[in-house]
Amino acid sequence: MENYKAQKIERKWQMYWRDHNVFKVADRPEKPFFNLTMFPYPSGKLHIGNSMNYTIGDAITRYKMMNGYDVLSPMGWDAFGLPAENAAIKAGAHPKVWNAKSIENMREQMRRAGWGYDWDREVSTAHPGYYKWTQWIFLQLYNKGLAYKKAAPVNWCPSCATVLANEQVISGTCERCHAEVDKKNLAQWFFRITDYADRLLDDLKLLDKWPEKVKKMQENWIGRSEGAVIDFKIESTGDIISCYTTRPDTTWGVTFFVFAAEHPLVEKLVKGKPHEKEVMDFVKRVKRQSIIDRTDETREKEGMFLHDYIINPVNGEKAELWVANYVLMEFGTGAVMAVPSDDQRDFLFAKKQDLPIIPVVNPPDRKTPITAEEMEEAWCKPGVMINSGPFDGKHTPECIPEVIEWMERQGFAKFEVNYKLRDWGISRQRYWGVPIPIIYCDKCGEVPVPEDQLPVELPMDVEFTGKGENPLAGSESFVNTDCPKCGAAAKRETDTMDTFVDSSWYFFRYLCPRMEGGAWDIEQANRWHPVHQYTGGVEHAIMHLMYSRFFMKAFHDLGLTKHVEPFGALFTQGMVNKVAYKCRVHGYMLDNADGGDDGKCRKCGQKLGVKSEKMSKSKFNTVAPDEIFEKFGADTMRFYMMSDSPPDKGLDWVEEGVHGAARFLNRLWDTVAAYAEQLADAPTSMGEVPPDPEKVAALRRKTHQTIKKVTYDFEHNFQFNTAIAAVRELINHMRKAADPDLPLPAEMAEPVREAVESVVVLLYPFVPHICEELWEKLGKKPPLVNVPWPKYDEKIAAADEVEIVVQVNGKLRARIQMPAGSDKDAMIAAAKADAKVVGYIEGKNIVKEIAVPDKLVNLVVK
RNA sequence: GCCGGUGUGGCCCAAUUGGUAGAGGCGUCGAGUUUAAGCCUCGAGAGCUGGGGGUUCGAAUCCCUCCACCGGUACCA
């Protein structure tokens with residue numbers, strides 16, 4: 001018998017799949033199934049996260065094909081972005097060249113992993129044939145008023161020299177380089193995603209096949225709140241200033257009023273006043289504070305009195321006007337009515353600045369009204385309104401609608417819904433991205449590039465200096481152009497788009513990747529969408545998925561698709577972790593396998609901390625798929641990743657586990673090959689051992705139970721670890737029932753054949769190479785994707801005899817064998833008759849008899 | 001802080017949703033095979049299910065509370 005040679009058979013089948021176009025899918029499918037995995041950034045090397053993603057995706061592709069679906073399984077490249085440009089700066093190569101090479105490498109790695117794709121549909125977002133349509137989409141949004149330019153304070157990463165979206169700022173630092181992010185005022189392009197806030201929120205209800213977790217994250221990010229906008233009058237100037245509040249019921253408790261440092265009225269109010277310098281110095285200081293400082297909640301709240309007052313519209317009371325560092329310009333109106341009795345931030349500020357506190361909500365269990373002196377913190381829970389004029393005695397927050405109505409009648413407030421979601425800033429001051437198709441003309445102003453002039457291509461005559469300036473701005477041939485309207489000399493926009501724009505519509509382009517007359521064919525989109533299964537990392541739960549949903553809805557409104565949601569079902573895989581070794585003083589280091597000693601720091605000798613953490617180069621705990629392919633083969637990597645833990649949770653990468661996977665595949669090989677030989681000998685004699693009907697039935701039962709289990713796991717959240725465990729059980733059972741190295745007894749030949757074939761078919765989605773090879777050894781015709789997924793027979797799978805547990809007062813006292821499906825009376829009677837049970841119930845009163853069919857009997861006695 | 005999630009043999013994890021705590025794997029130990037080790041085959045042990053309280057005939061599962069870790073988010077008025 002030949003040994004299992006992974007690399008040899010893997011290459012053989014990879015060539016087979018390619019040469020036979022196994023994963024090519026028809027444009028007009030009978031049973032369409034769009035199986036999408038998140039396309040990678042072509043960094044040049046697959047990382048383990050990709051491998052996890054695509055191994056899950058490939059298992060689904062093959063499973064669905066075996067179930068008769070026309071599976072669309074495409075692959076492409078999210079090819080624009082910073083790393084290519086940075087690499088270009090470093091290596092002196094053009095990003096285009098660097099990119100092409102990276103893609104080639106990764107395509108080869110994907111082949112070696114054995115993932116099945118329809119390569120005729122490959123797309124790259126950096127290809128002019130693709131980004132032409134990204135620009136076209138920009139123009140459609142622009143014409144609809146959904147793309148606009150405005151000067152806005154933006155997150156500026158000084159190290160990357162570019163603008164970052166809010167979502168790319170991780171607690172005040174750049175998500176890429178971790179430098180502290182500054183605020184900068186720049187003219188920027190935005191997409192009006194906020195117009196869709198309510199629909200993005202409401203339609204989450206349609207996504208019943210999305211993880212609750214992801215929907216919740218999106219809900220939080222959209223951050224819908226209801227409240228009122230209330231107008232206050234400034235005493236000195238008579239200016240009306242509005243503020244948004246979710247608690248208009250507490251307006252009687254307003255004791256001061258606070259502006260954000262960026263609020264334009266601040267400067268106006270102090271202009272020429274004695275305290276002008278003091279206040280403006282404070283404003284400047286706050287503005288200069290980094291985002292890190294400003295968003296650190298534990299930091300002291302500071303502020304300055306503006307020596308001016310506000311008139312509270314509900315009762316005409318005066319309240320001091322302040323500017324403070326804890327109010328954000330970005331939310332609401334940048335001005336806050338402060339109710340220290342009901343808001344902990346206002347409370348702390350009032351205490352610090354010695355401002356008055358008026359309780360307006362009385363804790364419900366109190367008989368007498370609470371006083372300001374009694375309060376140790378703000379009361380923001382439900383209660384009874386006090387000191388609130390006409391609303392005294394009412395319960396809040398229930399009466400908020402009534403309060404708003406009352407205010408609206410008086411004309412100084414109105415109901416309003418607010419969102420945390422901001423418009424999507426897409427401008428990037430970088431070369432390696434999609435040029436924004438806008439031209440600036442002195443006479444005509446901002447002019448969109450006519451559609452027939454697309455694409456606006458990236459110029460090649462650029463210099464990569466690594467300095468802050470966008471290289472595009474330095475390209476004469478690019479910048480200088482003619483105005484499409486009047487023909488006069490004009491200049492091009494030099495900002496490029498955020499790469500999330502590229503990836504927000506790629507699932508359309510896969511449908512018609514080479515189409516020239518349009519971005520996609522609407523009929524095809526209506527047919528293949530929404531994506532039947534989308535699989536990717538949970539790190540894209542907010543940005544990518546939100547932007548794609550927004551695009552889908554905008555496309556719908558533009559008549560470009562009939563659908564409103566892009567992804568019907570979503571599966572998010574967990575992170576891949578591995579132990580990392582960390583010294584408290586000297587940081588992460590290689591583990592002790594590499595020259596270290598007994599887990600001690602090589603620099604200081606202190607004991608290293610050992611903890612499983614997300615794989616990262618900086619932690620020295622990465623694993624390269626390539627190395628696994630070389631050492632063990634792709635099937636081993638695939639098997640290990642799928643067999644160890646449920647894929648939606650994380651995976652702890654353990655070297656021994658990989659060995660275990662390799663061992664299993666060897667055993668699978670030996671076992672199936674041995675059975676193949678025995679089966680080929682087609683035994684006819686009964687042998688010396690007499691036939692054993694129960695043994696035959698038991699093996700068949702196990703086979704059908706296993707098919708049922710694996711099918712169930714595919715249909716329920718992809719619990720591949722338990723599916724694989726079930727197959728292992730079947731193999732163990734079969735080996736015990738019929739020694740693979742001995743001639744098969746005649747009566748076992750068919751049951752064994754059924755079991756062996758099932759094993760190979762059931763494992764195929766996970767380890768396709770070895771299974772194709774074994775399938776051939778069994779005398780069958782490849783490829784396995786054409787073999788129908790096995791059906792199980794419920795009758796064969798059902799046990800005819802079951803073990804019933806007998807409890808007395810909840811304690812296990814006996815086990816009895818009974819025919820499956822016995823009725824409750826029979827079970828109870830049998831339980832009472834059991835000799836062991838009798839000892840426990842004799843002479844006692846049976847209070848209650850519980851029977852669970854085929855499971856247990858519980859007798860409650862006194 | 002707030003919103004999610006997780007906590008089960010030494011380790012990764014099952015338990016078809018309230019019914020025997022243990023499927024599968026890793027590691028360990030033992031036996032067989034081997035000149036020996038490894039590989040391979042067969043077998044074994046190991047637990048108050050994070051702590052406490054409650055509901056129930058019965059709780060890993062449901063409820064309350066606390067703790068630990070992971071993820072998201074964060075002065076959003």
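Sequence lines set the chain letters: A, B, ... in the order given, protein chains first and strands last, and positions in each chain run from 1. Since the model is a prediction, treat every value here as computed from it, not as a measurement.
The nearest whole Å value for the distance from the CD atom in Glu613(A) to the P atom in C69(B) is 13 Å. In this structure, Asp854(A) atom CG and U16(B) atom P are separated by 16 Å, rounded to whole Å. In this entry the distance linking CG of Leu742(A) with P of U41(B) reads 15 Å, nearest Å. Across the protein-nucleic acid pair, Arg735(A) atom CZ and C40(B) atom P stand 11 Å apart, rounded to whole Å. Note: CD (Gln344(A)) to P (C75(B)) measures 16 Å, nearest angstrom. Note: CH2 (Trp221(A)) to C1' (C2(B)) measures 15 Å, nearest angstrom. Ile731(A) places its CD1 atom 11 Å from the P atom of U41(B), with the value rounded to the nearest Å. Taking atom CD of Glu219(A) as the reference point, atom P of C3(B) lies 13 Å away to the nearest angstrom.
A heavy-atom distance below 4.5 Å is found between the side chains of Ile724(A) and Phe639(A). For the pair Met818(A) and Met827(A), the minimum side-chain heavy-atom distance is below 4.5 Å. Side-chain contact check for Leu859(A) versus Lys832(A): some heavy-atom pair is nearer than 4.5 Å. The shortest distance between side-chain heavy atoms of Thr706(A) and Ser758(A) does not fall below 4.5 Å. Inter-residue side-chain proximity for Ile804(A) and Val857(A) is flagged as met; some heavy-atom pair is nearer than 4.5 Å.
Pairing partner, U6(B): A68(B), with both Watson-Crick or wobble hydrogen-bond distances short of 3.5 Å. Under the Watson-Crick and G-U wobble criteria, each requiring two contacts below 3.5 Å, nucleotide C57(B) is paired to G19(B). Pairing of U49(B), defined by two Watson-Crick or G-U wobble distances under 3.5 Å, is not identified with any nucleotide. Both distances falling under 3.5 Å, in either a Watson-Crick or a G-U wobble arrangement, place G43(B) opposite C29(B). The nucleotide G1(B) finds its pairing partner in U73(B), both defining distances of the Watson-Crick or G-U wobble pair being shorter than 3.5 Å.
A cation-pi arrangement is absent between Arg638(A) and Phe766(A) under the rule of less than 6.0 angstrom and at most 45 degrees off the ring axis.
A distance of about 14 Å separates the P atoms of G7(B) and A60(B), rounded to the whole Å. Atom C1' of A21(B) sits at a distance of 14 Å from the matching atom of A46(B), rounded to the whole Å. Distance check on atom P: G30(B) versus G38(B) gives 11 Å, rounded to whole Å. Rounded to the nearest Å, the gap between the C1' atom of U20(B) and that of G47(B) is 15 Å. Separation of the C1' atoms belonging to U49(B) and G18(B) is 15 Å when rounded to the nearest angstrom. Nucleotides G72(B) and A59(B) have their P atoms positioned 37 Å apart, rounded to a whole Å. Taking atom C1' in both C67(B) and G10(B), one finds a spacing of 23 Å when rounded to whole Å. With P as the reference atom, C2(B) and C66(B) are 10 Å apart, rounded to whole Å.
Inspection of the Tyr419(A) and Ser225(A) side chains reveals no N or O donor paired with an N or O acceptor under 3.5 Å. A donor atom on one side chain and an acceptor atom on the other are found under 3.5 Å apart for Asp346(A) and Tyr326(A). Between the side chains of Trp221(A) and Glu219(A), no donor-acceptor pair is found at a separation under 3.5 Å.
Nearest nucleotide to the side chain of Asn325(A), out of A77(B), C75(B), C3(B): C75(B). Each of A74(B), C75(B), A77(B) was ranked by its minimum atom distance to the side chain of Tyr326(A); first place goes to C75(B). Side-chain atoms of Lys301(A) lie closest to C75(B) of the nucleotides A77(B), C75(B), U73(B). Ranking G43(B), A77(B), C57(B) by closeness to the Lys848(A) side chain, first place goes to C57(B).
Residues from residues 330-341 of chain A lying near RNA chain B, meaning a heavy-atom separation below 4.0 Å, are Phe331(A), Val336(A) in numerical order.
Mapping Glu656(A) and Met217(A) onto RNA chain B by nearest heavy atom places Glu656(A) at the nucleotide closer to the 5' end. Ranked by how close their nearest RNA chain B nucleotide is to the 5' end, Leu651(A) and Tyr712(A) are led by Leu651(A).
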Mind listing the N/O atom pairs, protein and nucleotides 18-25 of chain B, below 3.5 Å?
from	atom 1	to	atom 2	distance (Å)
U20(B)	O2	Arg815(A)	NH1	2.1
U20(B)	O2	Arg815(A)	NH2	3.2
U20(B)	N3	Glu803(A)	OE1	3.0
U20(B)	N3	Arg815(A)	NH1	3.4
U20(B)	O4	Glu803(A)	OE1	3.3
A23(B)	O2'	Glu729(A)	OE1	3.2
A23(B)	O2'	Glu729(A)	OE2	2.1
G24(B)	O2'	Arg728(A)	NE	3.2

Nucleotides 5-11 of chain B: which of its N/O atoms have a protein N/O under 3.5 Å away?
none

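Residue pairs meeting the side chain to side chain donor-acceptor pair (under 3.5 Å) criterion with at least one partner in residues 718-729 of chain A, sequence neighbours excluded, are Lys702(A)-Glu729(A), Asp713(A)-Thr722(A).
Below the 3.5 angstrom threshold, one finds a donor paired with an acceptor across the side chain of Arg422(A) and the base of C76(B).
Between Lys708(A) and Glu794(A) there is a salt bridge, since a side-chain N of the basic residue sits under 4.0 Å from a carboxylate O of the acidic one.
Counting non-hydrogen atoms under 4.0 angstrom, Lys216(A) reaches the backbone sugars and phosphates but no base.
Lys736(A) pairs by the salt bridge (Lys or Arg N to Asp or Glu O under 4.0 Å) definition with nothing, not counting sequence neighbours. Partners of Arg815(A) according to the salt bridge (Lys or Arg N to Asp or Glu O under 4.0 Å) rule, which considers only residues two or more places apart in sequence or in another chain, are Glu803(A).
Put simply, the side chain of Tyr640(A) gets close to the backbone of Val654(A): a donor and an acceptor are under 3.5 Å apart.
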